[in-house]
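Please read these numbers as outputs of a predicted model, since none were measured by experiment.
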Number of protein chains: 4
Amino acid sequence: MVSPTNPSKAGSSAGARSRHATRERLLESGRLLFAKHGLHGVTTHDIAHGAEVAAGTFYLHFKNKRELFREIIDGAVSELIELIDHQVEPYIEANDLAGVVQAQVEALVDFAEEHREEIRMLFSADSDAAAVGTDVLNLLASTIAEGRRELMEAGVAPKDVDPGVLGQAMVGMCAQVLSWWSEDPSRVTREALIESLTRIQRSGTHPV
Amino acid sequence: MVSPTNPSKAGSSAGARSRHATRERLLESGRLLFAKHGLHGVTTHDIAHGAEVAAGTFYLHFKNKRELFREIIDGAVSELIELIDHQVEPYIEANDLAGVVQAQVEALVDFAEEHREEIRMLFSADSDAAAVGTDVLNLLASTIAEGRRELMEAGVAPKDVDPGVLGQAMVGMCAQVLSWWSEDPSRVTREALIESLTRIQRSGTHPV
Amino acid sequence: MVSPTNPSKAGSSAGARSRHATRERLLESGRLLFAKHGLHGVTTHDIAHGAEVAAGTFYLHFKNKRELFREIIDGAVSELIELIDHQVEPYIEANDLAGVVQAQVEALVDFAEEHREEIRMLFSADSDAAAVGTDVLNLLASTIAEGRRELMEAGVAPKDVDPGVLGQAMVGMCAQVLSWWSEDPSRVTREALIESLTRIQRSGTHPV
Amino acid sequence: MVSPTNPSKAGSSAGARSRHATRERLLESGRLLFAKHGLHGVTTHDIAHGAEVAAGTFYLHFKNKRELFREIIDGAVSELIELIDHQVEPYIEANDLAGVVQAQVEALVDFAEEHREEIRMLFSADSDAAAVGTDVLNLLASTIAEGRRELMEAGVAPKDVDPGVLGQAMVGMCAQVLSWWSEDPSRVTREALIESLTRIQRSGTHPV
DNA sequence: GATGAATGAGTATTCATTCAT
DNA sequence: AATGAATGAATACTCATTCAT
């Protein structure tokens with residue numbers, strides 16, 4: 001994964017580099033398997049096997065299966081948030097609200113395209129994984145709710161849609177649509193997907 | 001569950017009544033536990049214990065854990081569909097489309113109020129339960145998509161929202177919102193919930 | 001099985017007659033099932049089901065599964081011994097030793113033809129059934145050994161074949177051959193079977 | 001089992017040696033227990049306990065109970081066949097048919113002396129084990145039958161003994177006698193056993 | 001006598017986790 | 001750091017047997 005001769009990693013010892021590589025292999029193996037079979041459908045042996053390391057090696061890198069799962073989720077979410085922030089920023093500065101919605105949707109779709117596995121993990125809410133994934137989704141939902149509340153108070157958004165409900169609704173919508181689309185991206189073109197989500201979202205978010 | 005003095009059941013033998021009662025206890029125990037801990041988080045012993053019967057008794061009534069799960073889900077879905085059909089019917093006859101949307105939402109909320117456990121099971125998409133629950137949700141999604149497609153062709157709905165995406169979006173939205181609301185119905189009043197969902201749904205469904 | 005109007009049973013009450021019939025049904029069901037699947041391969045429920053009675057009824061007639069098994073075996077063995085004695089008797093009185101061997105073999109083959117199931121049970125030595133079946137076979141083997149010993153002492157049989165070994169050998173031979181033949185009687189004609197067994201047996205039993 | 005100081009195994013890692021040792025302990029434990037209690041009378045826990053390993057360890061070495069059983073049987077049969085072939089060979093080359101029979105019997109008895117447990121397993125035909133053991137015995141029986149058929153056609157053996165019957169008879173005889181003798185070898189001396197079996201067998205095999 | 005629902009001990013098998021090498 | 005054999009608790013499912021009706 002990380003070339004041992006990569007000069008940018010020159011500071012780390014040979015052992016450390018190798019350690020890092022093993023860790024990455026395990027993460028990658030976990031991503032693939034969890035996405036396909038869920039938290040329960042995968043054993044630590046499976047993950048180790050997929051990473052081409054011995055069973056015990058798993059525990060040199062992760063405290064347990066849950067921790068690996070959480071790490072993958074957390075990594076994905078950080079990346080997603082960063083991506084959204086980055087793409088949305090110019091529209092915020094320009095005060096272009098329609099642009100913000102569109103940029104958000106585009107960021108989500110971009111992410112889904114690149115990280116099918118994480119999308120499926122994130123939004124598949126395996127009841128045990130819930131303890132992990134739900135936090136994140138709820139965070140997202142309350143962020144949306146909060147933004148909406150501000151818009152409402154500013155008189156920009158209608159008052160007959162509860163912000164809490166809207167936050168949950170938006171999250172549920174994206175989760176479902178993205179994980180459906182990830183399974184088979186040929187179902188709709190990227191453009192149609194973005195257009196549709198933006199439309200629905202906009203109509204839900206703005207006054208009719 | 002079944003009143004022993006119910007004269008309409010007078011024909012069934014004592015044994016039959018008892019059998020039926022045990023079965024219902026198991027179903028009820030399953031509903032409660034699955035809703036709280038998901039398919040994996042519950043053992044057949046737990047369910048039997050919750051129903052106050054011996055472990056082996058479980059298998060006199062259900063082939064295995066999955067079958068009980070599926071039975072609960074299927075029962076809930078049938079009831080839900082019936083409920084929706086019933087409440088929507090008058091508006092369809094009156095050709096009142098806005099009324100249809102509102103009635104659908106009300107039916108969903110009514111159901112969620114009465115069947116918290118089933119809602120959580122139905123929409124929690126435990127990755128293993130998926131095989132059971134997903135069918136149902138996909139059915140729902142394609143029904144919505146189909147309806148939308150007809151509206152589009154009739155020129156009533158705008159063409160820039162893909163029907164497939166819309167179906168998934170609506171299902172995801174309801175799933176998330178209802179299961180969030182079921183957890184703590186004091187979050188929003190029933191009325192606000194219905195109003196919000198109707199609004200969002202209507203704006204997604206009809207031309208702006 | 002036993003006609004309820006059979007006057008020879010007139011003494012027994014209606015209840016007793018019915019009881020007897022149920023018992024017979026269970027025995028018959030046991031014979032069929034044990035022969036096909038062995039002691040372990042059959043549950044008491046299977047047997048009750050085969051006899052078209054309820055599960056609990058089994059225990060009104062037999063202490064447990066083993067007892068039914070033993071009863072079937074014992075019944076079969078009694079019948080077999082009686083059959084052999086009956087067919088062999090005239091030859092013994094006539095002092096026709098070759099005739100005795102032939103009659104024994106014929107009796108065994110007759111029995112095997114009529115009681116395929118019992119033959120398979122008797123000689124299939126399910127390790128748990130062993131406790132039941134082995135007694136019987138060992139009895140048979142020592143009877144043969146004893147007879148041989150007398151012949152030896154009378155100078156009629158050669159001394160270089162140990163009677164104990166011979167007894168076991170004869171029993172093993174018949175067990176194997178009869179249960180092989182029972183499975184598919186078209187493998188050899190009845191006559192060829194008798195001829196072959198008689199030949200082998202005679203040569204083992206008599207001086208060369 | 002495998003001496004840790006055995007230089008020929010020096011190449012294998014400590015882990016491999018230990019793995020092999022555990023496997024052997026399980027096989028040995030299985031042999032002992034199956035011989036005494038049959039396939040059903042023994043649990044995988046019993047076997048693991050007998051091998052002084054934990055219950056789960058069993059499944060690191062064998063797919064399931066049946067597989068261990070089959071492995072023991074197959075190993076025993078291979079060894080037996082090799083032993084017979086080896087001891088019989090010189091007599092075949094010398095065209096000494098009487099010698100062949102005697103050598104076969106001696107090989108069987110030698111094997112029974114060394115492998116009491118396997119003999120009991122092989123010839124105890126536990127109805128469930130049958131699927132495993134029967135194949136082997138039938139193979140043996142048809143080999144004998146085939147040999148006999150050739151002798152018949154060559155005019156060396158009498159035509160009034162059916163080869164199929166003879167094959168089954170011989171197998172049944174040996175199975176019974178060897179397993180009887182294994183239980184308590186003091187019943188007859190080794191020599192008397194060989195002499196007796198040879199006699200019976202020869203008289204069955206050759207013209208009187 | 002018959003019924004059949006209920007019992008609960010028993011058993012095969014899996015898998016997260018540890019640890020000696 | 002890595003290995004991989006071993007562990008043993010956990011769990012789904014079976015079945016002989018009992019007993020209230």
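The 5' end of DNA chain F is approached more closely, in terms of each residue's nearest nucleotide, by D/His45 than by the other of B/Lys63 and D/His45. Nearer the 5' end of DNA chain E, as judged by each residue's closest nucleotide, is the contact made by D/Phe58, out of D/Phe58 and A/Gly56. In this structure, B/Lys65 and D/Val53 both approach DNA chain F, and ranking their closest nucleotides by distance from the 5' end singles out D/Val53.
For E/dA12, one of the phosphate oxygens OP1 or OP2 lies less than 4.0 angstrom from a side-chain nitrogen or oxygen of D/Thr44. For F/dA6, the OP1/OP2 oxygens have a side-chain nitrogen or oxygen of D/Ser18 closer than 4.0 Å. The side chain of A/Thr22 contributes no N or O atom lying less than 4.0 Å from OP1 or OP2 of F/dA1. Under 4.0 angstrom from either OP1 or OP2 of F/dA2 there lies at least one side-chain N or O belonging to A/His61. An OP1 or OP2 oxygen of E/dT3 is reached within less than 4.0 angstrom by a side-chain nitrogen or oxygen of C/Thr57.
Searching all strands for a Watson-Crick or G-U wobble partner of F/dT17 with both distances below 3.5 Å returns E/dA6.
The D/Leu60 side chain lies nearest to F/dA5 when the options are F/dA5, E/dA5, E/dG8. Of the candidate nucleotides E/dT13, F/dA12, F/dA2, F/dA12 has the atom lying nearest to any side-chain atom of B/Tyr59. Side-chain proximity of A/Arg19 to the nucleotides F/dA5, E/dA2, F/dA2 is greatest for F/dA2.
Contact check for C/Asp46 versus C/Thr43: side-chain heavy atoms found under the 4.5 Å cut-off.
Between C/Glu28 and C/Arg31 a salt bridge is recorded (basic side-chain N to carboxylate O distance below 4.0 Å).
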